[in-house]
Amino acid sequence: MISLAGRDIQHAWGKFVFTGVGLGLLIGVTLTMAGVYRGMVDDAKALLDNSGADLWVVQQGTLGPYAESSSLYDDIYRSILGMPGVTRAANVTYLTMQVRHGGQDVRAMVVGVVCGGAGQPGQPGYLVSGRRITRTHYEAVADMASGFKLGDRIRIRRNLYSVVGLTRRMVSSSGDPMVFIPIKDAQEAQFLKDNDAIVQQRRRTAANPLFNRPGAPGLLDAVIASQSKNPYVNAVLVQIKPGLSPEEAAEPIRRWKRLQVYTREQMEEILVGKLIATSAKQIGMFLVILAIVSAAIIAFIIFTLTLGKIREIAVLKLIGTRNSTIAWMILQQALALGVIGFVVGKIAATIWAPFFPKYVLLVPEDAARGFMALMVICVFASLLAIRTALRVDPAEAIGG
Amino acid sequence: MADIRRKGIHIEAICKRYGKGDTAVDALKGLEMQVFPGEVVGLIGPSGSGKSTLLKCLGAVIEPTTGRMTLGGEVIYDNGWKIPDLRALRRDKIGFVFQAPYLIPFLDVTDNVALPPMLAGRSNAESRKRALELLEALDVAHRAKAMISQLSGGEQQRVSIARALVNRPPVILADEPTAPLDSERAMAVIRILNDMAVQYETAIIVVTHDEKIIPTFKRIYRIRDGKTQEEAGEGRALNSIDSFAVLNRFPQKVR
Ligand SMILES: Nc1ncnc2c1ncn2[C@@H]1O[C@H](COP(=O)(O)OP(=O)(O)OP(=O)(O)O)[C@@H](O)[C@H]1O
Ligand SMILES: [Mg+2]
């Protein structure tokens with residue numbers, strides 16, 4: 001037996017390929033949407049991987065430092081260093097802001113890190129070019145995605161920093177490139193007020209009789225000095241002894257330091273489960289709509305193709321073709337359309353994914369799952385056409 | 001002779017009523033008809049007299065209300081009883097030729113003709129071999145690889161005759177097979193049907209309005225008011241026509 005579906009497709013291949021390409025672009029969009037979600041998850045994981053930490057110590061009762069704000073005194077890390085199992089601990093600050101460069105600004109996550117080499121908590125794992133921050137002020141290491149180059153002068157708040165090193169794929173959970181600066185500068189950047197505000201603050205403090213006491217000279221100066229300093233950081237990144245389970249190291253810090261400690265798994269759960277959960281639902285909704293639209297398009301196309309063949313179907317039935325053969329012919333065409341669409345969609349998605357501003361990660365498993373879903377959609381979409389074809393009366397071929 | 005008499009087409013007291021109650025239409029009212037193997041019989045009658053209804057009953061696509069029908073020596077319908085596999089009956093015992101050729105546009109000429117044996121479970125190679133034999137016999141073998149839309153009307157009609165014959169059915173039902181053809185071509189088609197009837201021992205019914213071809217039948221059934229009346233036809237000899245030459249001569253499209 002010859003393949004009726006195959007012959008029909010061959011005969012009308014132009015129509016078939018054309019609709020297949022149209023469908024394929026839609027499928028490409030669907031795969032890209034999935035890729036956007038995967039990219040978000042991957043960004044979140046990259047953030048965690050790149051921080052080089054086993055444990056995140058944050059403010060009690062917060063989900064910091066990424067999902068909620070958290071602040072800790074900047075000397076806490078010393079006491080954490082003394083806890084069992086802890087090998088390294090370093091302060092870190094995170095501040096998402098517009099970093100100015102020339103006349104433009106770039107959205108970036110400014111990370112305040114303690115100076116040090118690779119492997120130091122908070123430090124980027126490797127540099128693409130340039131060197132690490134060695135001075136404690138006004139040097140920056142930027143991610144390539146920011147567009148900055150070695151030697152660029154970038155402005156963060158009131159200070160200028162020179163870019164001394166470049167990294168790759170160091171991004172925040174929302175995909176913004178990171179800019180590393182020394183932690184002292186970062187603390188100041190978080191806190192630094194403009195001159196007018198400082199003058200205002202001094203005036204208020206001086207006007208407060210509690211601080212400005214004639215009997216206690218020097219008190220006012222001390223208070224003002226303490227006010228214009230930022231002793232806070234957002235988190236302490238902790239590395240533990242190899243072989244030790246993170247939970248074993250985390251528990252004593254929770255208990256004795258009364259701080260919130262998250263392990264890598266918990267952090268991932270917070271980022272993926274909470275921070276990007278709404279975006280994930282948003283994308284999920286898109287996927288559902290795209291699936292429905294694809295199904296409607298396939299159903300419509302297959303239905304029209306079948307309607308155009310009613311007479312041939314009547315003749316086929318009259319000369320003794322099984323209903324199952326006719327149903328199979330229509331189903332095969334729907335599946336073939338799906339396969340063409342999938343191939344076109346996969347190619348399209350692969351071509352356009354790198355041009356997206358945020359990371360789009362196309363995972364083979366998603367493609368496989370998408371393909372399965374598409375085949376199921378094709379089956380359902382062909383049901384209407386099959387029903388119509390099976391209702392065709394062979395007597396119609398004989399006519400009046 | 002007795003054997004031959006049992007083959008062919010035997011219709012006894014066939015009635016067909018469409019609808020129920022007040023709106024019921026009695027299309028056939030106890031119709032009788034016999035067609036023997038090797039014979040081409042004309043079925044004529046005014047519009048609405050029940051010709052198509054009779055072909056549909058014989059073609060096993062609608063069921064008569066009462067009566068008895070025998071095709072190729074097998075009872076296919078007997079007062080409410082019908083043979084179970086009507087699809088196989090249509091495939092193996094009946095060939096259909098229509099006013100328009102009704103070929104499958106996405107198959108080439110050979111596969112159009114080879115389709116019925118393939119449907120009957122024969123191998124592609126064997127089916128195509130049979131198809132080519134018939135295309136040869138009908139003088140369209142040179143177009144065997146062409147698509148249907150590339151054929152002239154006469155060629156298409158011959159391809160559809162080949163398709164009707166390919167499973168060697170004992171019966172061929174032709175509904176106005178000459179309607180869209182000019183008189184020469186119409187004669188050629190009738191001649192082919194006559195030749196094939198003799199060659200393959202097929203019983204052929206040709207429904208027609210076509211005045212030109214009526215004189216060619218040896219026997220005619222005139223159907224009026226749901227009943228038939230047998231008439232002797234002129235049976236004019238067709239020998240003078242070289243049918244293939246006629247059909248090959250001018251390409252003429254059939255819709
Ligand atoms: N499906 C149907 N339902 C009800 N009545 C029908 C149906 N089909 C045919 N009839 C009626 O049965 C009668 C016979 O119809 P039929 O189609 O057999 O005529 P015909 O001889 O083929 O006519 P024509 O030469 O015009 O094709 C007509 O009166 C017609 O109206
Ligand atoms: Mg009719």
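Protein chains get the first letters and strands the later ones, always in sequence-line order, with residue 1 at the start of each.
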(message) With chain B as the partner, which of A:Glu396, A:Met1, A:Lys317 has the greatest number of non-hydrogen pairs under 4.5 Å?
(response) A:Met1

(message) Within the supplied structure, the quantity of interest is the number of heavy atoms (other residues, nucleotides, ligands) at a distance under 6.0 Å from A:Phe300 CZ; does it exceed 12?
(response) no

(message) Atom CZ of residue position A:Arg107 - does it have more than 12 heavy atoms of other residues, nucleotides or ligands inside 6.0 Å?
(response) yes

(message) Heavy-atom count check: over 12 atoms from other residues, nucleotides or ligands less than 6.0 Å from A:Lys274 NZ?
(response) yes

(request) Nearest 0.5 Å please: distance from the CG atom of B:Leu115 over to the CD1 atom of A:Ile319. (result) 4.5 Å

(message) Using a 4.5 angstrom heavy-atom cutoff, name the option from A:Asn323, A:Thr321, A:Thr325 with the most pairs to chain B.
(response) A:Thr321

(request) Please check if atom OH in B:Tyr200 has more than 12 non-hydrogen atoms from other residues, nucleotides or ligands closer than 6.0 Å. (result) yes

(request) State, to 0.1 Å, how close A:Leu4 and B:Leu107 come at their nearest heavy-atom pair, and which atoms those are. (result) CD2-CD1, 4.2 Å

(message) Nearest 0.5 Å, please: how far is CD in A:Gln10 from CG in B:Asp108?
(response) 9.5 Å

(request) Give a yes or no on this: more than 12 heavy atoms of other residues, nucleotides or ligands lie within 6.0 Å of atom CZ of B:Arg17. (result) no

(message) Which heavy atom of B:Val61 sits nearest to which heavy atom of A:Asp393, and what is that distance?
(response) O-OD1, 4.4 Å

(request) Measure across A:Lys309 and B:Phe106 and return the closest heavy-atom pair with its distance rounded to 0.1 Å. (result) CD-CE2, 3.7 Å

(message) For the CD atom on B:Glu126, are there more than 12 heavy atoms of other groups (residues, nucleotides or ligands in this structure) within a distance under 6.0 Å?
(response) yes

(request) Answer yes or no: is there a side-chain heavy-atom contact under 4.5 Å between A:His11 and B:Ile104? (result) no

(request) Heavy atoms only: give me the nearest A:Leu318-B:Arg90 pair and the separation to one decimal. (result) O-NE, 3.0 Å

(message) Can you tell me if B:Arg168 has over 12 outside heavy atoms packed within less than 6.0 Å of its CZ?
(response) yes

(request) Pick one of side chain, backbone, both or neither for B:Pro117, based on which atoms fall under 4.5 Å of a heavy atom in chain A. (result) neither

(request) Count the heavy atoms of every other residue, nucleotide or ligand shown that sit under 6.0 Å from CZ of A:Phe380, and state whether that count exceeds 12. (result) no

(message) Please classify the contact between B:Leu103 and chain A as side chain, backbone, both or neither, with a heavy-atom cut-off of under 4.5 Å.
(response) backbone

(request) For the pair B:Arg87 (side chain) and A:Gly320 (backbone), establish whether a donor and an acceptor sit closer than 3.5 Å, ignoring hydrogens and angles. (result) yes

(request) Of all the heavy-atom pairs spanning B:Lys56 and A:Ala395, show the shortest one and how long it is. (result) CE-O, 3.7 Å

